[in-house]
There are 2 protein chains.
Amino acid sequence: MNLSELRYTVAVAQERNFRRAAERCFISQPALSTAIQKLEEELGVQIFERSRTEVSLTGIGERLVEQAQRVLEEAERVRSIAREGRDQLVGVLRLGVIHTIAPYVLPDLIPVLHARAPEMPLEVEESTTAQLEAHLKNGQVDVVILALPFASPGIEVLPLYDEVFEVVVPAAHRWARKRAIGAAQLAEERVLLLNSGHCFSNQVAEACPEVGRVPGNGMTPGNSLETIRNMVASGSGVTVLPATANSDKYRSALLCVVPFTAPAPSRRVALAWRRSFGREKAVEALAQSLRTLSLPGVTLLPA
Amino acid sequence: MNLSELRYTVAVAQERNFRRAAERCFISQPALSTAIQKLEEELGVQIFERSRTEVSLTGIGERLVEQAQRVLEEAERVRSIAREGRDQLVGVLRLGVIHTIAPYVLPDLIPVLHARAPEMPLEVEESTTAQLEAHLKNGQVDVVILALPFASPGIEVLPLYDEVFEVVVPAAHRWARKRAIGAAQLAEERVLLLNSGHCFSNQVAEACPEVGRVPGNGMTPGNSLETIRNMVASGSGVTVLPATANSDKYRSALLCVVPFTAPAPSRRVALAWRRSFGREKAVEALAQSLRTLSLPGVTLLPA
DNA sequence: GCCGCGTGATATTCTTTGACTATCACATCG
DNA sequence: CGATGTGATAGTCAAAGAATATCACGCGGC
């Protein structure tokens, strides 16, 4: 039994004539006859009574045709579901974002992406790179916004922009008026950083090796740069933040942002997704949307 | 898209592993892979995400699999309906019977046939041979009980039994005490018969040509031999009835039944059905049931 | 860090299936 | 009685579906 046979059966039932039914099915009459015979044989039941003059349904044939129609309708719904799903910009996109990017990029990103792909709701997971990598691989998220370096088998990576780091000190700090600060100078201060589960802390430590030598650094619990910013404002020390975390929105009278002396340390932000994730258009829409945001301290990479 | 592809898709969705799914479908893994690819291609949608390590459903894939299952369920119901219909002794049998047989045979036939085929309800149409032939050919009835001669293209005929004719006269009639009456003698009397739409009247007229010469004969309106019997009881004339119409059940003090002198005229009763009517078992059950009735004046024919 | 294992994809071959054309057998109708 | 229209049958062929053999690629153990 296959869908063609059911389609032919319904056609014969409606036309009550093999030739006309065959025409309607775009096949020859013998092909139709043998198809119906094959189905009747397989089902072990006579569906039609053929006299020379006319075709009629047997009692059981009537029930079978009715049910065959139901099968064909449900099959048609498969096609219609597929039609709906054809647009890659339709359907939930599960997006992972590292803690040190999410709060500073998502508020701007979401409206832009929504304008570009209005039928693609986001489900956002904010976490660490390690966690997001695992969830990316097991399919719990589809695309991740993270900082390089990052590589993983089966995972595609698209670098998007570079973002400089900046020093944040209390407003009353002796560095508050400085034009720029060298990385080595950070060794003089207590530098508050997120714990080492966060790539950003490691990148700061790498860019400013002197920081690592100061005891008490890098011990902050929690996952939020905002906590650190508050601690700095309260005079617990200084910190280094990515530029997007220092946009006007986060300005405070208690804090001063001071750039690094050139070359300022920075991180490269990228998208990552499973190579097998089929919705390239969705990834592209996300990348384009991120590129159109004008974020402070950010240099776009060529597409 | 065909049912196999849907079946394979559901299997992969359940196993989340092409090899195991292929095994469950009794096909090779490559065959499964290509089948799924073909379906995805046709639908223009990716159903599964294949990483080296595991298979998972895309968003649209989940909906498609669910719908595919629905299609398969409905297809399975086609098979189950066919299974039910496989028994030819299940389902309505539309039976046509001529007026001069129905009232005398059906009351005995129905319980016997019901015992033989309890799941085969009868729909009975009582009519003339001409009308029944038309209804048989256009499918309004399936099998007909009638009197020979009868032949029609595409119609199968099975003779069942011979039934003698008998003369019926009022109890006070001068023939009431006779042992037998010759056909020619009927010319002496007013013989009441059904109108010529009924084969029985014609057969009587043929067996007793003298009857035709008496004016006023064969004019009875209506389709019932009982009307004629009542007319005879009331003294309007005499008549000829088939033996089954004279069983004990219909005996009356006002009437006497007198046999013809040998060789008594008779009619041959038969079944007729469309050659294309597939339920030979149902016809056979009907024939066997009729043979087991012990009807008066009836001689069974060899099967 | 390399090798073996398990995964799905691909290439090639072969069988099966579905469809075509040509033709038949049969009933109907002028 | 021949013309017409019906579904069935015969013979042929191309396309679909499946099998075997093999590949490419992650992963996990040593």
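Order of the sequence lines sets the chain letters (A, B, ...), proteins ahead of strands, with each chain counted from 1. Side chains included, hydrogens not; waters and symmetry mates left out as well; all remaining heavy atoms used.
- As judged by a 4.0 angstrom heavy-atom cut-off over every strand, Phe26(B) is placed among residues touching the sugar-phosphate backbone only.
- Residues Glu41(A) and Gln37(A) have side chains that never bring a donor and an acceptor to within less than 3.5 angstrom of each other.
- Closest approach to the Pro30(A) side chain among dA10(D), dA27(C), dA18(D) is made by dA10(D) (side chain taken as heavy atoms from C-beta onward).
- Summarising the geometry, atom CD belonging to Glu126(A) is positioned 9.0 Å from atom OG1 belonging to Thr100(A); distances are rounded to the nearest 0.5 Å.
- What separates CD of Glu54(A) from P of dT6(D) is a distance of 12 Å, to the nearest Å.
- Ionic pairing of Lys38(B) and Glu5(B) is present here: one or more N-O contacts between side-chain nitrogen and carboxylate oxygen are shorter than 4.0 angstrom.
- Residues Ile155(B) and Val55(B) both approach DNA chain C. Their nearest nucleotides, taken by heavy-atom distance, put Val55(B) toward the 5′ side.
- Following rounding to the nearest Å, Arg20(B) (CZ) and dG6(C) (P) show an atom-to-atom distance of 12 Å.
- If you take CG of Leu39(A) and C1' of dG18(C), they are 14 Å apart, rounded to a whole angstrom.
- An OP1 or OP2 oxygen of dG8(C) is reached within less than 4.0 angstrom by no side-chain nitrogen or oxygen of Gln37(B).
- As rounded to whole Å, 12 Å separates atom P of dG8(C) from atom CD of Glu23(B).
- One finds no side-chain N or O of Arg19(B) lying less than 4.0 angstrom from the OP1 or OP2 phosphate oxygen of dG6(C).
- Along DNA chain C, the nucleotide nearest Asn17(B) and the nucleotide nearest Tyr8(A) are compared for position; the residue whose nucleotide lies closer to the 5' end is Asn17(B).
- Both Ser152(A) and Ser28(B) lie near DNA chain D, and the one whose nearest nucleotide falls closer to the 5' end is Ser28(B).
- Whole-Å rounding puts the Ile36(A) CD1 to dT6(D) P distance at 16 Å.
- Summarising the geometry, the separation between CZ on Phe48(A) and C1' on dA8(D) is reported as 15 Å, rounded to the nearest angstrom.
- A sub-4.0 Å separation between OP1 or OP2 of dG26(D) and a side-chain N or O of Arg275(A) is present.
- Distances shorter than 4.0 Å separate none of the side-chain N or O atoms of Ser33(A) from OP1 or OP2 on dG7(D).
- Across all strands, Gln29(B) comes closer than 4.0 Å to base atoms (heavy-atom distances).
- In this structure, Lys38(B) does not reach the dA16(D) phosphate: none of its side-chain N or O atoms is under 4.0 Å from OP1 or OP2.
- Here Lys137(B) does not reach the OP1 or OP2 of dA27(C): none of its side-chain N or O atoms lies under 4.0 Å away.
- When the side-chain nitrogen and oxygen atoms of Asn2(A) are compared with OP1 and OP2 of dG18(C), one or more of them lie within a distance under 4.0 Å.
- A straight line from CZ of Phe18(A) to C1' of dA19(C) spans 16 Å, rounded to a whole angstrom.
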ask   = Going through the checks in order, is the side-chain contact (heavy atoms from CB on, under 4.5 Å) test met by Leu146(A) and Ile101(A)?
value = CA-CA 8 Å; Leu146(A) 43 62; Ile101(A) 293 182; 5.7 Å; no
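- Side-chain N/O atoms of Glu125(A) and Gln140(A) include no donor and acceptor closer than 3.5 Å.
- Rounded to a whole Å, the CG atom of Leu32(B) is 12 Å from the C1' atom of dG17(D).
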